[in-house]
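Here the structure is laid out as structure tokens; the discussion comes afterwards.
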Amino acid sequence: MVDFIDVIIPIPLKKLFTYTVTPAEAEFLKPGMRVAVPFGKSKIYTGLVFSVHKNEPAAYEAKDIQQILDDKPIVNAQQLKFWQWIASYYMCTLGDVMRAALPNAFILESETVVTKGKVAIIDDSVLKDDEFLVYEALQHQSSLKIQDISNILGKKNVLHVIKGLIEKEAVLVEEEVYEKYKPKLVRYVKLQTSYTSEKAFHELMEELSRAPKQRDVVLTLFSISAKTKKPVKVTDLVTESGASSSIVRALIDKGVLEEYHIQTDRVEYSGADTEASKHLNEHQETALAEINSCFESHAVTLLHGVTSSGKTEVYVKLIEAVLQQGRQVLYLLPEIALTTQLITRLQNYFGEQVAVFHSKYSAHERVEVWNQVLTNSAKAQIVLGARSSIFLPFNHLGLIVVDEEHEQSFKQFDPAPRYHARDAAVVLAHLHQAKTLLGSATPSLESYYNARQNKYGFVELLYRYNNVLMPDIELVDIKDKQKKKRMKGHFSDRLIEEMTETLAEGHQIILFQNRRGFSPIVECKTCGHAPECPNCDVSLTYHQYRNQLRCHYCGYHAAMMQDCLACGGQDLDSKGFGTEQIEEEVKILFPDYKVARMDLDTTRGKYGYEKIITALEQQEIDILVGTQMLTKGLDFRNVKLVGIMNADNMLNFPDFRAHERSFQLMLQVAGRAGRTAERGKVLIQTYNPHHNILQQVSTNNYIDMFKEQMNDRYNFKYPPIYKQIKITLKHKDFNRVETASIWFAKSLRQVFGDHILGPEAPPVARIRNQFHKNILVKIPKKHSLAKTKEAIIKINNSFESVKDFRSVRVILNVDNF
Ligand code: ADP
Ligand code: ZN
């Protein structure tokens with residue numbers, strides 16, 4: 001009898017593919033191991049074994065595999081179950097999930113391009129003969145395709161050779177050529193070794209007796225290191241000694257001190273010098289006890305804790321307990337909130353047990369973390385990561401913390417799997433019989449609703465740590481201010497007043513400008529023409545900084561023109577991008593202070609985001625103007641005033657969650673103000689100060705917001721009352737997508753009646769020259785989600801069998817909000 005394996009291939013195939021293997025191979029192979037398999041006419045893919053069996057496929061003759069790539073599974077059984085859940089819930093293929101789940105370096109295929117590794121010189125003796133030939137070829141040309149390597153080696157089976165080279169860091173695969181993430185370096189100093197003996201130290205003290213300030217610095221250094229027995233940061237030395245950094249510099253130049261740098265966000269922890277976790281205050285203690293008791297009856301618990309209530313310290317206690325049981329912890333955060341601030345904080349407690357996983361890490365670093373988790377290494381007992389870290393090969397999870405659980409960036413929109421990491425985390429935890437803690441100062445309506453329905457446990461932490469007062473929030477009516485001529489540009493007199501006072505006291509300011517703020521377009525004052533993107537149906541956005549017009553959908557850009565393309569008029573009205581314009585105005589209003597800007601433009605570079613955060617922390621910036629990015633859980637000590645430039649454009653955004661999101665965003669930004677003893681101040685400028693959401697924000701009234709929004713969700717049949725699946729059709733021919741979407745919606749209506757909305761063109765109907773149509777399926781709670789999906793799949797199958805529709809792309813997005 002012949003043996004077969006079913007293999008997942010990282011492309012969107014609806015079914016698994018079956019290959020033949022020899023009895024010995026069948027004996028050796030386990031689910032979760034990689035094999036190189038031929039596919040189609042000439043392609044080779046890395047496939048993942050899903051099962052080993054004896055059932056011959058009926059529809060086609062199974063081919064042989066080319067090669068086995070692993071000795072042991074790299075994906076475990078729980079993960080395969082999890083992948084199946086993702087594929088079925090989010091209506092995509094296992095191949096889609098495989099591509100999202102595995103680090104790129106694990107997926108070698110015929111299109112893979114191999115380049116020279118970063119280790120400059122490899123000891124030849126560690127390379128096998130085949131490996132050496134490839135390595136040598138790469139010394140003469142910058143990159144090789146799989147086919148080239150086959151030619152060099154004179155054989156077809158080469159993926160295992162490349163795999164060997166990757167493991168020895170002798171080559172990189174193409175994806176790694178992307179910009180590398182360089183972790184932040186922190187400056188440390190120590191005494192030059194020539195002065196460490198007692199005698200030399202005495203002589204040095206003598207010598208410095210004529211430079212008392214320098215002498216103080218050396219003595220302070222000595223006492224800090226004696227006390228902490230840890231490396232001493234230059235910043236700590238400066239604060240403790242009260243000397244200026246130029247004195248430290250002088251000592252370094254003299255050769256008395258030696259400076260060195262340590263990476264702070266990769267785990268390079270030396271020694272067991274971790275701190276004990278903090279002693280919780282009574283509110284935190286109560287919350288912790290309540291969470292533990294909720295966990296007895298609920299697998300998932302929501303912690304609603306106001307900003308700066310000390311949620312992180314509560315998580316730390318939970319994590320400690322789970323580690324003690326010898327189980328792993330996953331700490332999920334939105335990508336942008338994964339800052340060195342938090343990483344350092346956790347490392348202080350847990351030392352080298354913390355591993356970090358996010359998209360800015362190189363392929364090699366990701367493989368490293370993957371392997372540590374897979375082998376349950378002591379170095380990855382706590383994984384701190386962004387959404388894709390739910391795919392790591394955990395084998396013994398005890399707890400998942402989803403911090404800032406309301407954040408939209410936990411949802412992946414493109415490509416498939418279009419998963420929500422918070423929701424998937426709940427399922428993942430269930431597979432491990434682990435607990436999930438969702439934490440937020442402004443929970444999502446769906447989580448809060450689940451808590452109220454007693455589906456989730458629920459715990460509140462309503463006091464800021466140290467009884468710091470919640471910031472004082474004031475609404476400023478800019479319609480009125482405009483009437484009374486009390487606006488300077490976008491600044492009301494109130495805001496200018498508060499800013500002046502704050503700066504005079506030596507405190508810092510954050511100004512928040514919504515990304516969707518002010519229309520940054522260019523308009524001809526003569527004919528009203530506004531230039532549009534040639535590929536998309538949107539106006540181009542003006543970026544003052546580069547003097548460019550850009551499309552935010554496809555990346556198209558052109559130099560800003562001199563005169564109107566339509567009428568030739570010279571009088572063009574160009575408003576800069578929201579944050580840019582605010583920054584310009586601040587510079588004019590407060591010329592003596594340092595202003596910086598934090599948005600997509602300024603943080604694009606290698607470590608742009610870290611740089612700005614550090615500068616603010618070190619008080620090199622007085623006023624920071626920024627977008628959404630500012631909201632993400634940052635803890636700045638000296639920020640006392642937060643200004644929200646315009647609340648209305650968030651509130652008026654056409655989306656059923658606009659009000660909920662505005663509430664969350666404003667309270668999160670407000671939470672950056674006054675996190676120490678002095679009470680913070682928040683000014684919100686608006687044309688509509690009586691808007692309910694603004695009233696709720698200014699009184700920090702989550703419950704009212706929740707009740708009112710839920711009412712709307714009931715009335716208009718939106719989540720979390722109804723489930724929702726969005727179906728998007730795309731094609732470059734407008735008529736074809738029109739006909740196709742009408743057909744699709746009609747078929748859906750035959751099954752679901754008036755639970756179908758559309759087809760409708762989205763606000764931007766053409767993107768990258770593709771016309772879009774959306775159809776929305778609304779599913780009442782009492783209907784089976786699984787049956788609904790089955791029906792949609794059936795309709796989609798008939799759709800695909802219509803010849804005219806075959807080239808139309810259909811995108812299914814479950815929980816598309
Ligand atoms: P949240 O995550 O709820 O916004 P944090 O956990 O960041 O709040 O806590 C806010 C600040 O209070 C942090 O600087 C933290 O170090 C401090 N803090 C919180 N709890 C304690 C505690 N029990 N002991 C000492 N400091 C604490
Ligand atoms: Zn475009």
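Just follow the structure's listing: the first ligand is 1, and inside any ligand the first atom is 1.
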Those atoms of ligand 1 less than 4.0 Å from some heavy atom in His279: 22 (C), 23 (N), 24 (N)
Show the numbers, then the answer: is there a salt bridge (charged side-chain N to carboxylate O under 4.0 Å, His left out) between Glu240 and Lys233? CA-CA 11 Å; Glu240 290 256 333; Lys233 287 186 204 152; over 6 Å; no
Taking 4.0 angstrom as the limit and counting only heavy atoms of Leu280, give me the atoms of ligand 1 inside it, by number and element. 23 (N)
Distance to the ring centre below 6.0 angstrom and angle to the axis at most 45 degrees; does that hold for Lys411 and Phe413? yes
Look at the aromatic rings of Phe706 and Tyr702 and report parallel, tilted or perpendicular, splitting at 30° and 60°. parallel
Counting only nitrogen or oxygen atoms and a 3.5 angstrom limit, does Thr307 reach ligand 1? no
Atom indices of ligand 1 within 4.0 angstrom of Thr312 heavy atoms, with elements: 2 (O), 5 (P), 6 (O), 7 (O)
My understanding is that only residues two or more places apart in sequence, or in another chain, count here; which of them pass side chain to side chain contact (heavy atoms under 4.5 Å, CB included) with Ser244? Ser246, Ile247
Does ligand 1 have any atom sitting under 4.0 Å from a heavy atom of Ser308? yes
Could you tell me which non-hydrogen atom of Phe295 sits nearest to which non-hydrogen atom of Val300, and how far apart they are? CE2-C, 4.4 Å
Mode of Lys311 contact toward ligand 1 - side chain, backbone, both, neither (heavy atoms, under 4.0 Å): both
Thr627 and Gln513: side-chain donor and acceptor closer than 3.5 Å? no
Does Gln284 approach ligand 1 within less than 4.0 angstrom via side chain, backbone, both or neither, non-hydrogen atoms only? side chain
For ligand 1, is Arg464 a contact, meaning one of its heavy atoms is under 4.0 Å away? no
